[in-house]
Engineer: 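Attaching a single structure in structure tokens format; questions to follow.
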Amino acid sequence: MSSSCGKRGNFNLEPFIIESSFCGNWSYPCTEAETRRLLWENGNESGTPPSNNLVERVGGTITVNYISGCANSLIVIVTDSDEQEHVFEISAPVGPSVTNQTGNAVSKTFASVERVEIVCQDESLSGSCYGKYCIDVNYLRVWDSFD
């Protein structure tokens, strides 16, 4: 009996890029202003990945939309793999954008992304800030063997 597979065992494979999107809504109570809220975190830190499924680098584009709320501005904090924080601000939407639920959105691309957090700038007695986010990440996946 002949086999169509000429070689069996471990194979070295080239690294490849996997793209993923994480999108959702966020809400931030005004009574918790100045407190960081986690939107996304690279799950690779929580444990050791299997030896044949290594994630070497995570980069991507972060889009945060501030639709409405109590704060004059929203702060977005992106932490990279060197624990450096990259901060950008989104001003509160005013006028027709608030009633149309479009808000103000900012997109930024980073070579390294480990964590994305938001902070409402101003404290108010009631209400909340809310909006949407989308995080498009690219993982460089390296396979050291194929079993």
Engineer: The criterion is side chain to side chain contact (heavy atoms under 4.5 Å, CB included); which residues satisfy it with Asn25, sequence neighbours excluded?
Structural biologist: Lys132

Engineer: Any non-hydrogen side-chain atom of Asn138 less than 4.5 Å from a side-chain atom of Ile18?
Structural biologist: no

Engineer: Determine whether Val87 and Ile75 satisfy the following criterion, side-chain contact (heavy atoms from CB on, under 4.5 Å), listing intermediate values before the conclusion.
Structural biologist: CA-CA 7 Å; Val87 178; Ile75 303 297; 3.4 Å; yes

Engineer: Evaluate the criterion side-chain contact (heavy atoms from CB on, under 4.5 Å) for residue pair Val113 and Asn42; output intermediate values, then yes/no.
Structural biologist: CA-CA 8 Å; Val113 178; Asn42 178 6; over 6 Å; no

Engineer: Any Lys/Arg nitrogen of Arg36 or Glu85 sitting under 4.0 Å from an Asp/Glu carboxylate oxygen of the other?
Structural biologist: yes

Engineer: Hydrogens and angles aside, do Thr79 and Glu114 bring a side-chain donor and acceptor to less than 3.5 Å of each other?
Structural biologist: no

Engineer: I'd like to check the side chain to side chain donor-acceptor pair (under 3.5 Å) partners of Ser20; sequence neighbours left out, ordered by chain and number.
Structural biologist: none

Engineer: For the pair Asp82 (side chain) and Gln84 (backbone), establish whether a donor and an acceptor sit closer than 3.5 Å, ignoring hydrogens and angles.
Structural biologist: no

Engineer: Can you check whether Cys23 and Cys134 have SGs under 2.5 Å apart?
Structural biologist: yes

Engineer: Name all residues meeting the side chain to side chain contact (heavy atoms under 4.5 Å, CB included) criterion together with Ser128; count only those two or more places apart in sequence or in a different chain, and write none if there are none.
Structural biologist: Ser27

Engineer: Is the shortest heavy-atom distance from the side chain of Lys108 to the side chain of Thr61 under 4.5 Å?
Structural biologist: no

Engineer: Quick check: closest heavy atoms across Pro93 and Gly103, and the distance to 0.1 Å?
Structural biologist: CB-CA, 3.8 Å

Engineer: Got a sec, which residues hit side chain to side chain donor-acceptor pair (under 3.5 Å) with Arg37, two or more places apart in sequence or on another chain?
Structural biologist: Glu32

Engineer: How far does CD1 of Ile62 sit from CD1 of Ile118, to the nearest 0.5 angstrom?
Structural biologist: 12.5 Å

Engineer: Please list, chain by chain and in numerical order, all residues satisfying ring pair (Phe, Tyr, Trp, His ring centres under 6.0 Å) with Phe22, sequence neighbours excluded.
Structural biologist: Trp40

Engineer: Decide whether Val119 and Leu38 are clustered together by the hydrophobic rule: side chain heavy atoms of Ile, Leu, Val, Met, Phe, Trp, Tyr closer than 4.5 Å, transitively.
Structural biologist: no

Engineer: Rounded to the nearest 0.5 Å, what's the gap from CD on Glu89 to CD1 on Ile77? Could you check?
Structural biologist: 11.5 Å

Engineer: Any sub-3.5 Å donor-acceptor pair from Thr63's side-chain atoms to Ser107's backbone N or O?
Structural biologist: no

Engineer: By side chain to side chain contact (heavy atoms under 4.5 Å, CB included), which residues pair with Ser91, not counting sequence neighbours?
Structural biologist: Asn104

Engineer: Please round to the nearest 0.5 Å and tell me the distance separating atom OH of Tyr130 and atom CG of Leu74.
Structural biologist: 13.5 Å

Engineer: Considering residues at least two apart in sequence or located in another chain, which fulfil the side chain to side chain donor-acceptor pair (under 3.5 Å) criterion with Asp136?
Structural biologist: Ser21

Engineer: Among residues at least two apart in sequence or on other chains, which ones pass salt bridge (charged side-chain N to carboxylate O under 4.0 Å, His left out) with Glu19?
Structural biologist: none

Engineer: Could you pull out all residues at least two apart from Tyr133 that satisfy ring pair (Phe, Tyr, Trp, His ring centres under 6.0 Å)?
Structural biologist: none

Engineer: What is the distance from atom CD1 of Ile67 to atom SG of Cys129, rounded to the nearest 0.5 Å?
Structural biologist: 11.5 Å

